[in-house]
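Right, one structure below, let's go through it.
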Protein chains: 2
Amino acid sequence: MPHGQSLVEQLRDNGLKLTPQRHLICQLIENNHDHPTVDDLYEQATAVMPSMSLKTVYTTLYELAGLGAIRLVNVGTGGFRVECNLSPHSHLVCRSCGKVMDVPVDPAEHADLSVLKEYDFEVEQREIIFRGLCGECAGRAGEGPGA
Amino acid sequence: MPHGQSLVEQLRDNGLKLTPQRHLICQLIENNHDHPTVDDLYEQATAVMPSMSLKTVYTTLYELAGLGAIRLVNVGTGGFRVECNLSPHSHLVCRSCGKVMDVPVDPAEHADLSVLKEYDFEVEQREIIFRGLCGECAGRAGEGPGA
DNA sequence: GTGGTAGTCAACAGTCGTTGTTATTTAACA
DNA sequence: TGTTAAATAACAACGACTGTTGACTACCAC
Ligand SMILES: [Mn+2]
Ligand SMILES: [Mn+2]
Ligand SMILES: [Zn+2]
Ligand SMILES: [Zn+2]
């Protein structure tokens with residue numbers, strides 16, 4: 001519950017109409033504490049409301065992101081992911097299966113560096129990504145072909 | 001000069017034929033101490049060798065990356081960038097113009113955290129991105145329309 | 001209620017970055 | 001110089017995303 005408000009409340013409070021499409025997309029996001037792709041959400045949405053258009057999913061996600069209700073992150077796995085977890089954290093990204101997991105590493109604590117003052121650059125946001133292999137994929141790689 | 005060897009030397013030492021296309025692409029990369037996109041390189045290449053195919057640029061970049069001679073980084077600006085600087089560093093990414101700049105912040109020093117041990121994940125690589133506005137873009141935003 | 005108006009939507013074509021296929025050409029080496 | 005496996009240009013196709021358009025839907029003034 002980001003900002004203590006549900007996604008639908010945030011939509012309404014910002015003068016956006018609460019259409020059935022938006023309502024459904026908000027529900028799907030709130031029930032998903034992962035990092036779904038746009039296509040994940042589209043598939044879940046069409047299962048309930050077959051007329052839902054992919055464009056509407058994109059548009060609604062950009063609206064929610066514009067409100068600061070969600071974030072759209074790109075970890076280099078092709079297509080962005082929907083980030084429902086607004087608390088500061090970092091990501092583990094599996095280079096084999098593309099899974100994205102949260103780690104409680106606050107970038108503001110680990111990457112707030114004075115050396116940046118020397119650059120003509122206004123830092124607004126810090127991001128830390130740990131790339132490697134998730135347990136499942138590392139396990140699979142370790143198993144030989146048997147005999 | 002990564003590994004003390006030129007890119008063409010690394011190609012040859014790994015049994016790859018030294019074609020004029022590969023030679024040109026290597027030169028372009030070594031003369032470019034920025035973070036060119038694939039299209040940047042393609043345009044520069046066709047200026048010299050008009051028959052060069054975009055596919056060949058991609059293929060050659062993946063070969064060089066496979067050898068560890070360059071890195072291909074994705075900072076979420078659409079399409080990856082060619083990273084010629086193999087020393088450990090982090091990036092400033094302008095959200096307005098997409099420029100990517102190096103900062104001498106070694107991720108291994110600032111993001112090598114014991115909390116990661118608790119996760120079933122083999123970290124291979126750490127990455128820190130600072131997002132914001134470059135000096136030029138920040139300046140432009142500050143200027144009002146004048147009268 | 002009727003008409004106006006702004007917001008929203010599905011459908012669908014188009015863009016951009018990237019990859020697959022294949023027939024032709026070529027670098028490397030005998 | 002001939003042989004051969006590797007590399008290339010050409011081009012179609014793909015996935016992720018965006019632009020356009022015309023229909024539909026509150027919402028409001030009268
Ligand atoms: Mn997350
Ligand atoms: Mn760099
Ligand atoms: Zn994995
Ligand atoms: Zn900029």
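Here is the naming used below: chain letters follow the sequence lines, and residue numbers restart at 1 for every chain.
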Go through the structure and list residues passing ring-ring contact (aromatic ring centres under 6.0 Å, His included) with H89(B), not counting sequence neighbours.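 Scan of H89(B) (ring-ring contact (aromatic ring centres under 6.0 Å, His included), adjacent residues dropped) gives H91(B).
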Looking across every strand, which nucleic acid part, if any, lies under 4.0 Å from [X] by heavy atom: base, sugar-phosphate, or nothing?
X: P20(A); result: nothing
X: Y62(A); result: sugar-phosphate
X: L18(B); result: sugar-phosphate

When you compare the side chain of L64(B) with that of Q10(B), does any pair of heavy atoms fall below 4.5 Å?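 A side-chain contact is absent here, since even the closest heavy-atom pair is not under 4.5 Å.
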Below 3.5 Å, can you tabulate the donor-acceptor pairs from side chains in residues 117-125 of chain B to any protein atom, sequence neighbours excluded?
unit_1: E124(B); atom_1: OE1; unit_2: R95(A); atom_2: NH1; d: 2.7
unit_1: E124(B); atom_1: OE2; unit_2: R95(A); atom_2: NH1; d: 2.4

On DNA chain C, does the nearest nucleotide to N74(B) precede the nearest nucleotide to Q21(A) from the 5' side, or the other way round? Give the residue.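 Nearest-nucleotide comparison on DNA chain C picks Q21(A).
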On DNA chain C, nearest-nucleotide positions of L16(A) versus R12(B): which is more 5'?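 The residue closer to the strand's 5' end, by nearest nucleotide, is L16(A).
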Any side-chain hydrogen bond (donor to acceptor under 3.5 Å, both in side chains) involving residues 36-52 of chain A? Give me the pairs, sequence neighbours left out, ordered by first then second residue.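 Those involving residues 36-52 of chain A are T37(A)-D40(A).
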Can you give the donor-acceptor pairs under 3.5 Å from side chains of residues 65-79 of chain B to other protein atoms, not counting sequence neighbours?
unit_1: N74(B); atom_1: OD1; unit_2: G76(B); atom_2: N; d: 2.8

What pairs with [X] under salt bridge (Lys or Arg N to Asp or Glu O under 4.0 Å), at least two apart in sequence or on another chain?
X: R81(A); result: none
X: E127(A); result: R131(B)
X: D112(B); result: R126(B)

Mind checking side chain to side chain contact (heavy atoms under 4.5 Å, CB included) for Q27(A) and listing every partner two or more places apart, or none if nothing turns up?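 Result, side chain to side chain contact (heavy atoms under 4.5 Å, CB included) vs Q27(A): H23(A).
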Taking heavy atoms of chain A and a 4.0 Å limit, find me the 5'-most and 3'-most nucleotide of DNA chain C within that range.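 Here the contact window of chain A covers dG7(C) to dA11(C).
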Which residue, S53(B) or K55(A), contacts DNA chain D at a nucleotide closer to its 5' end, judged by nearest heavy atom?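 The residue closer to the strand's 5' end, by nearest nucleotide, is S53(B).
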Apply side-chain hydrogen bond (donor to acceptor under 3.5 Å, both in side chains) to S114(A) and list each qualifying residue two or more places apart in sequence or on a separate chain.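 Applying side-chain hydrogen bond (donor to acceptor under 3.5 Å, both in side chains) to S114(A) gives none.
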Terminal axis angle for the helix from dG1(C)-dC30(D) to dA30(C)-dT1(D), five pairs an end, nearest 10 degrees: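 So the angle between the two local helix axes works out to 20°.
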For DNA chain D, note the earliest and the latest nucleotide, 5' to 3', having some atom under 4.0 Å of a heavy atom belonging to chain A.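 Terminal contacting nucleotides, 5' to 3': dA16(D) to dT20(D).
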Would you name the heavy atoms of S90(A) and P107(A) that are closest together and state the gap between them?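 Minimum heavy-atom separation between S90(A) and P107(A): OG-CG, 3.8 Å.
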